[in-house]
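Just so it is clear: chains get the letters A, B, ... in the order the sequence lines come, proteins before strands, and each one is counted from 1. Everything numeric here is computed off the predicted structure, so don't read it as measured data.
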There are 2 protein chains.
Amino acid sequence: MSDDLRGLNDLDRLIHEPARLLIVTILSTAASADFLFLQREAGLTRGNLSAHLSKLEEAGYVKIEKTFKGKLPLTVCKLTAKGQKAYVAYRQQMQSFMDKTG
Amino acid sequence: MSDDLRGLNDLDRLIHEPARLLIVTILSTAASADFLFLQREAGLTRGNLSAHLSKLEEAGYVKIEKTFKGKLPLTVCKLTAKGQKAYVAYRQQMQSFMDKTG
DNA sequence: GCAATGCGGTTTGTATTGCAAACTAGTTTG
DNA sequence: CAAACTAGTTTGCAATACAAACCGCATTGC
C-alpha cells in the first residue's frame with residue numbers, strides 16, 4: 001500500500017466542513033433555496049446556517065439574494081458556477097480516496 | 001430531493017480531519033507503522049503528525065509505543081479495535097452520502 | 001395604544017482547532 | 001568540544017464552529 005493518498009491534504013476545507021457540504025449538496029440539486037428550507041433540510045440552527053452561508057458567499061460559492069415575502073424578509077441562496085465546480089471537484093477527490101482505499 | 005443527508009452532521013470529526021483520515025487509513029492497512037514512515041507517507045510535518053497522533057491516542061483510536069531502534073527513539077503506532085471500528089463507521093457514512101447524492 | 005410574542009435572520013462570546021515555528025533531548029560527525 | 005543531525009514535543013496564534021444573545025419588524029392579546 002503505497003498509493004498516493006496525500007491528495008486528501010488538498011481537500012477544499014470550505015466544502016469539507018460537514019454542515020457546508022450539506023448546504024452545498026442541497027443547493028446543487030435545488031437550483032435555489034430559501035433560508036428556512038435550508039435550515040430544515042440541513043438540520044442547522046439559524047445562527048449556524050447564517051454563518052456558514054456568509055462564509056460560502058465570501059468564497060464566491062453561493063449567491064445570496066435578500067427580498068421580501070409579503071412583509072417578511074426572505075433570503076434566497078443559489079450555488080454559483082464556481083461553487084458548483086468546487087463541489088464537483090470535492091466529490092471527485094473524496095470518491096477517488098474511497099475507491100483507492102475500498 | 002428530500003433524502004436524509006443530515007447524517008453528515010454526525011460524522012466523527014476526529015476522523016473527518018483530512019490529516020487524521022490519512023493517518024488512520026494508513027494504519028488500517030499497515031498493522032503497525034513508525035513515526036517517520038507515517039510522516040513520509042502522509043506528507044505531514046513532524047509537529048503536525050505528533051499533535052494528530054496525540055489526539056488519536058487520547059481518543060483511544062491508536063496505541064503508541066515508544067521504544068528504541070539502536071540508540072534512537074522509535075515511536076510505533078497501531079490502530080486499536082476502537083479506532084478500526086470508528087474508521088469503518090466513518091467510511092460507511094461517507095460512502096452512504098456519496099451514494100445518495102451520486 | 002402598547003406590552004408580549006413570533007419571525008427571519010445576524011452578531012457576539014468562547015472554547016477548540018490546525019498549523020508553523022521554536023524547542024528538547026540525545027547522537028553522531030568534524 | 002562544538003556543530004549538525006535525529007526524532008519527536010511544545011508553544012503561539014490565527015481561524016474555526018457552535019450556542020446564545022441580540023435585532024428590527026409584524027402580529028396578537030388586552
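- Expressed to the nearest 0.5 Å, how far NZ of A/K82 lies from CG of A/L56 amounts to 11.5 Å.
- Nucleotide D/dA17 holds its P atom 10 Å from the CD1 atom of A/I23, rounded to whole Å.
- Ring geometry for A/H16 against B/H16 counts as parallel: the plane angle stays under 30°, on a 0 to 90° scale with 60° as the upper cut.
- Rounded to whole Å, atom P of D/dT6 lies 11 Å from atom CD of B/Q39.
- One atom, CG of A/L22, and another, P of D/dC18, lie 11 Å apart when rounded to the nearest Å.
- Interface residues of residues 8-21 of chain A facing DNA chain D, ordered by number: A/E17, A/R20; criterion, heavy-atom separation under 4.0 Å.
- A distance of 11.0 Å separates CZ in A/R91 from CD1 in A/I15, rounded to the nearest 0.5 Å.
- The hydrophobic cluster containing B/V76 does not contain B/L79, counting ILVMFWY residues as joined when their side-chain heavy atoms lie under 4.5 angstrom apart, directly or transitively.
- Rounding to the nearest 0.5 Å gives a distance of 5.0 Å between CG of A/L27 and CG of A/L38.
- Atom NZ in A/K69 sits roughly 13 Å away from atom C1' in C/dG6 (whole-Å rounding).
- Residues A/E57 and A/V62 form a side-chain contact, since some pair of their non-hydrogen atoms from C-beta on lies under 4.5 Å apart.
- Comparing B/L44 and A/L72 by the nucleotide of DNA chain C that holds the closest heavy atom to each, the one mapping nearer the 5' end is A/L72.
- Atoms NZ (B/K71) and P (C/dT28) sit 5 Å apart, rounded to a whole Å.
- Side-chain atoms of A/F35 and A/K66, non-hydrogen and from C-beta on, never get closer than 4.5 Å to each other.
- At least one side-chain heavy atom of B/R13 sits less than 4.5 Å from a side-chain heavy atom of A/E17.
- Transitive grouping of hydrophobic side chains (ILVMFWY, heavy atoms separated by less than 4.5 Å) brings B/L53 and B/F37 into a common cluster.
- A/L49 places its CG atom 13 Å from the C1' atom of D/dA17, with the value rounded to the nearest Å.
- Rounded to a whole Å, the CG atom of B/D34 is 13 Å from the C1' atom of D/dT6.
- Put simply, OH on A/Y61 and CD1 on A/I23 are 14.0 Å apart, with the number rounded to the nearest 0.5 Å.
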Atom pairs under 3.5 Å, N or O on each side, protein against nucleotides 20-23 of chain D: can you list them with distances?
none

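- Applying a 4.0 Å cut-off to non-hydrogen atoms, the residues of residues 51-66 of chain A that approach DNA chain D are A/H52, A/K55, listed by residue number.
- Between A/S50 and C/dG9 there is no side-chain N or O to OP1 or OP2 distance below 4.0 Å.
- A/T75 OG1 to A/Q39 CD: the interatomic distance, rounded to the nearest 0.5 Å, is 11.5 Å.
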